[in-house]
Student: 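Okay, here's the structure, questions in a sec.
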Amino acid sequence: MTLEITPMGAALGAVVSGLDLSQKLAAETVERLRNAWLEHIVLVYHGQDLSDPQLLDFTRYFGELEYPPSKLLNYSQGSGQKDDIPLEINVISNVIENGKKIGQLGNAEAKWHTDTPFVERPPAASILHAWELPPSGGNTCFMNMYAVLEALPAELLAKIDGKKCKHDVSHTSDGVLRHDYDDSPDAKSCPGPWHPMIRTHPDSGRKALYLGKRAWAYIEGTTTEENEEILDAIWAIAERPEFVYEHVWTQGDVLMWDNRCAMHRRDEFDGSQRRIMHRSQLRGDIPV
Ligand code: SIN
């Protein structure tokens, strides 16, 4: 098999072919994959069949493993995941077995977000493996945050340059209050870490816009009205189709994306259908 990396011809993304990720990878192969990931932001590997330990072994080629959000947040109620799933694996699924959800997120749309921006060191990468898919729906879209930053007009840029944004930890990306948190009256008073709005990617050295989720985000030093106005203006540009790649999943796909310069969202799908994804993550740096 010959390793090939084919750009999607979209705002981001490339398909990697000629690799079986369950096998040991040579150092030069890993280096090519790392460079391709930094360049294309999203890498797609079709037709893989990985156990959880194999997915974690593949992830370790690129750095240290990170734990899923429920563990990072120390939820009193735990993640609800089955005991035989490794701690570093996060099951994303709508499936209910014996009256219990086997994973996180349901079948509703997951709105645009970056993964886990509500901790001091958000993950550098997420790697999602498609175990079971509905016949249609549940596509995942990715947004190129280098390109969005470049597209911001100067007057909008001036309003966020050098500013930090507070990334609310108390609500999920869909606005649902998490266990263990009290509701806040407004975005300004929500709990959560501050991250720069424009961050420098630690590996590529490039600048990217860093947004967590639209709701409950708060830009330092702004009134509620200014905050909403600036964020609305930014999001209106970010959501333009020219910055987005939409992935239509096939069984066995493995997708690796750079969480430091990409956002993603997932379409809804028919809730009577099963969708099971297993996700690993790579430890990241404190955004600067
Ligand atoms: C996620 O938001 O990380 C999950 C994306 C997906 O289920 O496709």
Student: Could you check if a side-chain atom of W257 sits within less than 4.5 angstrom of a side-chain atom of L12, using non-hydrogen atoms only?
Tutor: no
Student: So, does D270 use its side chain to make a donor-acceptor pair with the main chain of S272 at under 3.5 Å?
Tutor: yes
Student: Are the side chains of V15 and E4 in contact, using a 4.5 Å heavy-atom criterion?
Tutor: no
Student: Does any non-hydrogen side-chain atom of L177 lie less than 4.5 Å from one of S170?
Tutor: yes
Student: I'd like to know whether M145 forms a side-chain contact (heavy atoms from CB on, under 4.5 Å) with I41, so could you lay out the CA-CA distance, the side-chain angles of the two residues, the decisive distance to 0.1 Å, and finally the verdict.
Tutor: CA-CA 10 Å; M145 302 308 287; I41 305 174; over 6 Å; no
Student: Quick one: closest heavy-atom pair of I237 and P153, and the distance?
Tutor: CD1-CD, 3.5 Å
Student: Would you check if T29 and L19 make a side-chain contact, meaning some heavy-atom pair closer than 4.5 Å?
Tutor: yes
Student: Of all the heavy-atom pairs spanning D183 and W216, show the shortest one and how long it is.
Tutor: OD1-CH2, 4.2 Å
Student: Sub-3.5 Å donor-acceptor pair from the side chain of R283 to the main-chain atoms of E66, do we have one?
Tutor: no
Student: Taking atom CG of D84 as the centre, report whether more than 12 heavy atoms of other residues, nucleotides or ligands fall under 6.0 Å from it.
Tutor: yes
Student: Please assess L211 against W112 for the test side-chain contact (heavy atoms from CB on, under 4.5 Å), listing each intermediate value before the final yes or no.
Tutor: CA-CA 9 Å; L211 303 175; W112 282 115; over 6 Å; no
Student: Any donor and acceptor pair, going by atom type alone, linking the side chain of N107 with main-chain N or O of F269 inside 3.5 Å?
Tutor: yes
Student: Between the side chains of D258 and H40, is a donor N or O closer than 3.5 angstrom to an acceptor N or O?
Tutor: no
Student: Evaluate the criterion salt bridge (Lys or Arg N to Asp or Glu O under 4.0 Å) for residue pair R265 and D267; output intermediate values, then yes/no.
Tutor: CA-CA 7 Å; R265 60 170 282 276; D267 286 340; 2.6 Å; yes
Student: Enter the distance from K100:NZ to N98:CG here, rounded to the nearest 0.5 Å.
Tutor: 9.0 Å
Student: What heavy-atom pair brings N144 and A11 nearest, and what distance separates the two atoms?
Tutor: ND2-O, 3.0 Å
Student: Does a sphere of radius 6.0 Å around CD in E229 hold more than 12 heavy atoms from other residues, nucleotides or ligands, not counting ones at 6.0 Å or beyond?
Tutor: no
Student: When hydrophobic residues are tied together by side-chain contacts of less than 4.5 Å, even through go-betweens, does I198 share a cluster with W235?
Tutor: yes
Student: If only atom types and distance count, is the side chain of K213 paired as donor or acceptor with the main-chain N or O of H171 below 3.5 Å?
Tutor: yes
Student: Compute the centroid of each ring, for F58 and then for Y45, and state whether the two points are separated by less than 6.0 Å.
Tutor: yes
Student: Given the rule in the side-chain contact (heavy atoms from CB on, under 4.5 Å) test, do N259 and T116 qualify, once you have shown the distances and angles that lead to the verdict?
Tutor: CA-CA 9 Å; N259 194 47; T116 328; 5.7 Å; no
Student: Quick one: closest heavy-atom pair of R266 and G106, and the distance?
Tutor: NH2-O, 3.1 Å
Student: How long is the span from the OG1 atom in T224 to the NZ atom in K188, to the nearest 0.5 Å?
Tutor: 6.5 Å
Student: In Å and rounded to the nearest 0.5 Å, what is the CE to CD distance from M277 to Q104?
Tutor: 14.0 Å
Student: Within this structure, what is the CD-CE distance for the pair E220 and M197, rounded to the nearest 0.5 Å?
Tutor: 10.0 Å
Student: For H46, is there any backbone N or O sitting under 3.5 Å from a side-chain donor or acceptor partner on Q48?
Tutor: yes
Student: What do you reckon, is CG of N139 surrounded by more than 12 foreign heavy atoms closer than 6.0 Å?
Tutor: yes
Student: If a pair satisfies ring pair (Phe, Tyr, Trp, His ring centres under 6.0 Å) and one of its residues is in residues 151-170, list it, with sequence neighbours excluded.
Tutor: H167-H195, H167-Y210
Student: In this structure, would L43 and F142 fall into the same cluster of hydrophobic residues linked by side-chain contacts under 4.5 Å?
Tutor: no
Student: Once you round to the nearest 0.5 Å, how far does CG of L133 lie from OG1 of T250?
Tutor: 7.5 Å
Student: Any side-chain heavy atom of Y146 sitting closer than 4.5 Å to one from S204?
Tutor: yes
Student: Mind checking whether P134 and R275 have side chains closer than 4.5 Å, heavy atoms only?
Tutor: yes
Student: Before accepting this row, confirm whether a basic side-chain N of the pair D203/R260 lies closer than 4.0 Å to the acidic partner's carboxylate O.
Tutor: yes
Student: For the pair D186 (side chain) and S189 (backbone), establish whether a donor and an acceptor sit closer than 3.5 Å, ignoring hydrogens and angles.
Tutor: yes
Student: What heavy-atom pair brings W194 and K166 nearest, and what distance separates the two atoms?
Tutor: CE3-N, 3.5 Å
Student: For Q54 and S22, which heavy atoms make the closest approach, and how far apart are they?
Tutor: NE2-CB, 3.6 Å
Student: Is the backbone of A187 close enough, under 3.5 Å, to the side chain of D168 for a donor and an acceptor to pair up by distance?
Tutor: no
Student: When rounded to the nearest 0.5 angstrom, what distance separates CZ in R60 from CG in D57?
Tutor: 5.5 Å
Student: Do the side chain of T114 and the main chain of M263 share a donor and acceptor less than 3.5 angstrom apart?
Tutor: no
Student: Establish whether L65 and L21 are linked, either directly or via other cluster members, by ILVMFWY side-chain heavy-atom contacts under 4.5 Å.
Tutor: yes
Student: Test L55 against I89 for side-chain contact (heavy atoms from CB on, under 4.5 Å), laying out the working first.
Tutor: CA-CA 9 Å; L55 178 61; I89 291 285; 3.8 Å; yes
Student: Identify each donor-acceptor pair in which a side-chain atom of residues 122-130 lies under 3.5 Å from a protein atom, sequence neighbours left out, and give them as a table.
Tutor:
unit_1	atom_1	unit_2	atom_2	d
S126	OG	D115	OD2	2.7
S126	OG	Q281	NE2	2.9
H129	ND1	D253	O	3.2
H129	NE2	L50	N	3.1

Student: Is W37 reachable from V16 through a run of I, L, V, M, F, W or Y residues, each pair having side-chain heavy atoms under 4.5 Å apart?
Tutor: yes
Student: Do N90 and R279 get their side chains close enough for a donor-acceptor pair, meaning under 3.5 Å?
Tutor: yes
Student: Would the number of heavy atoms belonging to other residues, nucleotides or ligands and lying under 6.0 Å from CG of D182 be above 12?
Tutor: no
Student: If two hydrophobic side chains count as joined below 4.5 Å and joins carry through other members, does I85 share a cluster with L56?
Tutor: yes
